[in-house]
Amino acid sequence: MTPELLSLARYLASSRARFNLSEMNRYLSREYKEKELYESLKPHFFDLDLFCDVHYKCTKLVNTPLPADEQVIRELEEMLKAPHLPPAIENLVGSYIERSCGKNWHTGETARLLRENIVKQKEEYWSGSSKYPKLRVITYLLYHFPVYFCQFQNLLLDLLKGGLLTTKMSIVDAGSGPGTITLSTLDFFNRLLEIYSRNKIDVKINLRIDSIEKVQENIDIYNELTSLYLSQHSHAKAAITVNQPVHAPVEKAEPPLDADLIIFSNVLAEMSAPPAQRAAAVERLASESRNPTVLLVEPADLVNSKALRVTQNALIKNGFTVYSPCTFLWGAVCTGGDCWSFREEGNIRVPEFMRKMSGTEEAYRYLNTDMKFTYVILRRDGAVEHKYRAGGKFARLSHLKKHVKKRINVVVSVMSGNLGDDEDLVFKICDGTTSIPCYAVLHSYHMNENNRALTEAGYGDIVEIFGALIRENREFSSYNLLISRSTIVIPVT
Ligand SMILES: C[S@@+](CC[C@H](N)C(=O)[O-])C[C@H]1O[C@@H](n2cnc3c(N)ncnc32)[C@H](O)[C@@H]1O
């Protein structure tokens with residue numbers, strides 16, 4: 001790439017709404033083929049705000065939120081309703097496993113070793129000390145990858161709905177492992193572009209994905225899987241660059257310049273620093289970005305889930321604001337203490353390679369299909385998913401002590417699915433004013449049209465509750481808000 005080429009491209013990009021790459025030859029000291037020009041300039045299209053299609057026609061790419069029309073959202077929701085690895089990804093991972101472990105990896109000694117490793121990895125993971133020797137990387141693909149891949153697309157959908165996905169995005173996958181989040185993102189954007197084209201919505205996108213990873217084996221798989229995926233899935237309306245991962249701990253890697261979206265998916269728990277101090281690594285990585293969306297995801301188990309809220313709170317203290325799932329309904333920010341709250345998105349369909357792995361004996365030990373995760377989406381500009389704020393007619397949850405045995409009105413976010421059973425439904429609720437756990441409890445025989453909305457609220461949705469009876473649960477140091485036939489629940493988001 002000569003400086004002459006780049007400065008001419010920069011000039012044309014800033015002065016013309018569109019041009020053909022061949023036109024550049026008019027101004028250059030030697031003649032280039034269009035393909036040559038395209039290949040040399042390709043790494044610079046992102047910074048030049050250019051979109052050049054396969055016919056070498058270039059247009060200026062205006063960065064705007066991606067269209068989130070009702071029909072588009074409906075189709076995406078439909079797609080995520082039956083969660084599964086798309087066949088292309090299933091094949092990609094399945095063939096990688098075959099290439100690494102042989103065609104018959106799911107039988108004999110290899111299968112025994114892999115199964116043993118899955119069990120070990122689970123134990124290590126929950127104790128927060130996961131390591132990645134070679135075989136474990138394969139077992140990660142077999143056991144953890146499918147769920148994490150699928151669950152992440154729910155969060156991308158949230159970002160799309162909120163206008164936080166735009167036509168030109170620089171994305172950073174921190175602690176990228178084998179490429180779960182990068183591949184999930186590529187697949188999501190591909191399917192989104194197909195939906196746009198079916199609905200005759202003309203959208204062009206330019207994505208740049210960078211990643212940081214400390215373990216070389218993961219980097220090798222990341223490179224292999226992402227480059228294979230990209231070679232098989234080019235889209236006429238997408239210019240996508242996936243850069244080689246930076247081999248470093250996130251605590252030490254150079255912070256990326258002006259990233260739009262920074263993701264830590266299942267990484268924080270692996271850091272040796274205590275939860276509050278993990279915030280420093282997140283903050284540092286976001287320090288050179290103007291207003292990034294920072295997305296932290298962790299498993300739903302008690303320890304990792306609570307730890308994420310502590311990290312979240314430390315970030316809030318340092319100027320980040322929560323977009324979702326928490327809504328601070330009374331304006332004040334909670335302490336993030338003793339908060340075990342996670343989202344559930346059901347089960348994914350078992351991918352063929354996981355089914356092969358599970359075998360016939362005690363298959364359940366090797367099947368991992370349950371999407372349960374703790375997350376927070378942070379910003380620096382105060383953007384929020386739900387703008388609703390509480391007013392005077394409601395009691396704060398921090399004042400429940402003085403309302404015990406009384407019926408009161410509250411407005412709360414629903415911060416869990418049903419934690420009880422079909423008879424006794426229990427939902428964690430929160431209004432951001434207290435760290436004492438509070439639950440709305442509805443016996444099924446009290447469920448009616450007045451209060452059904454409680455059971456239909458999505459994770460993080462806000463409901464007004466009129467006439468809940470307050471009970472203190474001394475054994476668990478918590479409060480129950482009993483929802484009876486006469487209690488009225490009104491969804492407000
Ligand atoms: C559980 S895996 C998650 C991989 C991927 N993000 C996902 O959600 O599937 C954690 C990854 O983070 C990497 N990791 C852990 N601590 C790290 C650190 N301090 N810096 C960079 N990478 C780290 C590990 O090597 C591993 O690849």
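Counting begins at 1 with the first residue of the sequence. Indexing begins at 1, ligand by ligand and atom by atom, following the structure's order.
Checked against a 3.5 angstrom limit, the closest N/O atoms of V250 and ligand 1 fall inside it.
Each of the atoms 9 (O) of ligand 1 lies under 4.0 Å from some heavy atom of Y148. When each atom of ligand 1 is checked for a heavy atom of N218 under 4.0 Å away, the hits are 25 (O), 26 (C), 27 (O). Close approach to T180 involves these atoms of ligand 1, each under 4.0 Å from a residue heavy atom: 5 (C), 7 (C), 9 (O). Counting the atoms of ligand 1 from 1 in the order shown, those under 4.0 Å from a heavy atom of S265 are 3 (C), 5 (C), 6 (N), 7 (C), 8 (O). The distance from ligand 1 to the heavy atoms of G177 drops below 4.0 Å at these ligand atoms: 4 (C), 27 (O).
Residue contacts with ligand 1, taken as heavy atom pairs separated by less than 4.0 Å, involve A248 solely via the backbone atoms N, CA, C and O. The residue A174 has no part lying near ligand 1, judged by heavy-atom distances below 4.0 Å. Under 4.0 Å from ligand 1, the heavy atoms of E251 that appear belong solely to its side chain. Residue Y140 touches ligand 1 through its side chain alone, judged by heavy-atom distances below 4.0 Å.
Sorted by first and then second residue, the ring-ring contact (aromatic ring centres under 6.0 Å, His included) pairs with a member in residues 93-114 form an empty list; sequence neighbours excluded.
Between the N104 side chain and the T107 main chain, no donor and acceptor come within less than 3.5 Å of each other.
Taking a cutoff of 4.0 Å between a charged side-chain nitrogen and a carboxylate oxygen, K204 and D53 do not qualify as a salt bridge.
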